[in-house]
Amino acid sequence: MDDSTDSAIAAKLRELRAEQGLTIEALATASGVSRAMISKIERGEASPTAALLARLCSALGFSLSTFFADQTTAPSPLLPRREQPVWRDPETGYVRRSVSPAGSPSRVDIVEVDFPSGARVSLPPQPQRGELQHVWLFEGELEMTVGENTHRLSPGDCLFMPLGRGHIFYNPGKTPARYAVIFERQSIPYAKELP
């Protein structure tokens with residue numbers, strides 16, 4: 001991950017924490033992430049893993065998708081691939097690309113993921129806000145654990161689940177998995193009018 005991405009994550013985390021009037025200590029207690037680690041992330045000195053960032057987002061009442069949504073870009077119906085925000089998890093190397101144009105009035109958000117062979121990411125339960133997601137596998141293999149149930153996906157398969165339940169993404173295959181996650185948000189506080 002480059003310094004600009006670290007800086008953007010640091011600024012967004014500080015902003016969201018401040019908006020809610022939370023101290024670093026309060027966020028640490030709510031998320032189970034150490035005060036020292038939160039402080040390092042907010043200063044841009046540490047790159048959070050997907051699992052750690054998901055815990056912070058959950059404590060702040062956001063999904064990862066909402067966290068990465070660009071609310072400052074002028075709305076446009078087209079987001080060219082070269083301009084789509086990309087984030088790499090420093091722990092597993094998985095690459096997350098935000099495909100949906102920012103600021104649209106849609107409640108749907110699409111993310112493309114390249115998930116390395118053998119990678120595993122556990123995401124904690126999120127606050128129940130009525131958000132839903134579909135995981136649609138294009139290439140490779142993917143094993144999804146949602147609650148007590150484990151689902152094995154092959155190319156073309158699509159799994160539906162509420163976002164609020166904790167889940168585990170695992171690639172048991174020998175090649176990278178490529179899939180889309182389609183989120184449906186309950187509300188869109190930052191939606192703007194498209195031109």
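Basis for what follows: all heavy atoms, side chains included, without hydrogens, waters or symmetry-related copies.
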Is a donor on one side and an acceptor on the other found under 3.5 Å between the side chain of [X] and the backbone of [Y]?
X	Y	value
Arg120	Tyr170	no
Glu112	Val99	no
Gln84	Leu79	yes
Ser117	Gly173	yes
Asp89	Tyr94	no
Arg14	Glu42	yes
Asn171	Ala119	no

Kindly compute the distance separating [atom1] ([X]) from [atom2] ([Y]), expressed to the nearest 0.5 Å.
X	Y	atom1	atom2	result
Ser58	Leu53	OG	CG	11.0 Å
Asp114	Glu139	CG	CD	8.0 Å
Leu27	Leu56	CG	CG	5.5 Å
Met37	Glu45	CE	CD	10.5 Å
Ser47	Lys40	OG	NZ	11.5 Å
Leu132	Arg107	CG	CZ	8.5 Å

Excluding sequence neighbours, so at least two apart, what forms side chain to side chain contact (heavy atoms under 4.5 Å, CB included) with Ala26?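 Residues passing side chain to side chain contact (heavy atoms under 4.5 Å, CB included) with Ala26: Leu22, Thr23.
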Taking only residues two or more places apart in sequence or in another chain, which ones pass side chain to side chain contact (heavy atoms under 4.5 Å, CB included) with Phe169?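 In terms of side chain to side chain contact (heavy atoms under 4.5 Å, CB included), with neighbours along the sequence ignored, Phe169 is linked to Phe115, Leu123, Val135, Leu142, Met144, His167, Tyr179.
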When you compare the side chains of Ser39 and Arg43, does any donor N or O come within less than 3.5 Å of an acceptor on the partner?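 Their side chains do contain a donor-acceptor pair, which is all the 3.5 Å distance test asks for.
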Out of the candidates Ile110, Val108, Val111, only one should pair with Phe183 under the side-chain contact (heavy atoms from CB on, under 4.5 Å) rule; please name it.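 The single option meeting the side-chain contact (heavy atoms from CB on, under 4.5 Å) with Phe183 is Val111.
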Heavy-atom pair with the smallest gap, counting every atom of Pro77 and Pro101: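 Closest pair (atom of Pro77, atom of Pro101, distance): O-CG, 3.5 Å.
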Please find the pair of heavy atoms, one from Ala51 and one from Ser122, that lie closest to each other, and give the distance.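 That would be CB-O, 3.4 Å.
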Would you say the side chain of Ser31 lies within less than 4.5 Å of the side chain of Ile38, judging by non-hydrogen atoms?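 Sidechains of Ser31 and Ile38: in contact.
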Identify all side-chain donor-acceptor contacts of residues 145-161 below 3.5 Å with residues at least two apart in sequence or on another chain.
from, atom 1, to, atom 2, distance (Å)
Thr145, OG1, Thr150, OG1, 3.2
Arg152, NH2, Glu141, OE1, 2.7
Asp157, OD2, Ser154, N, 2.8

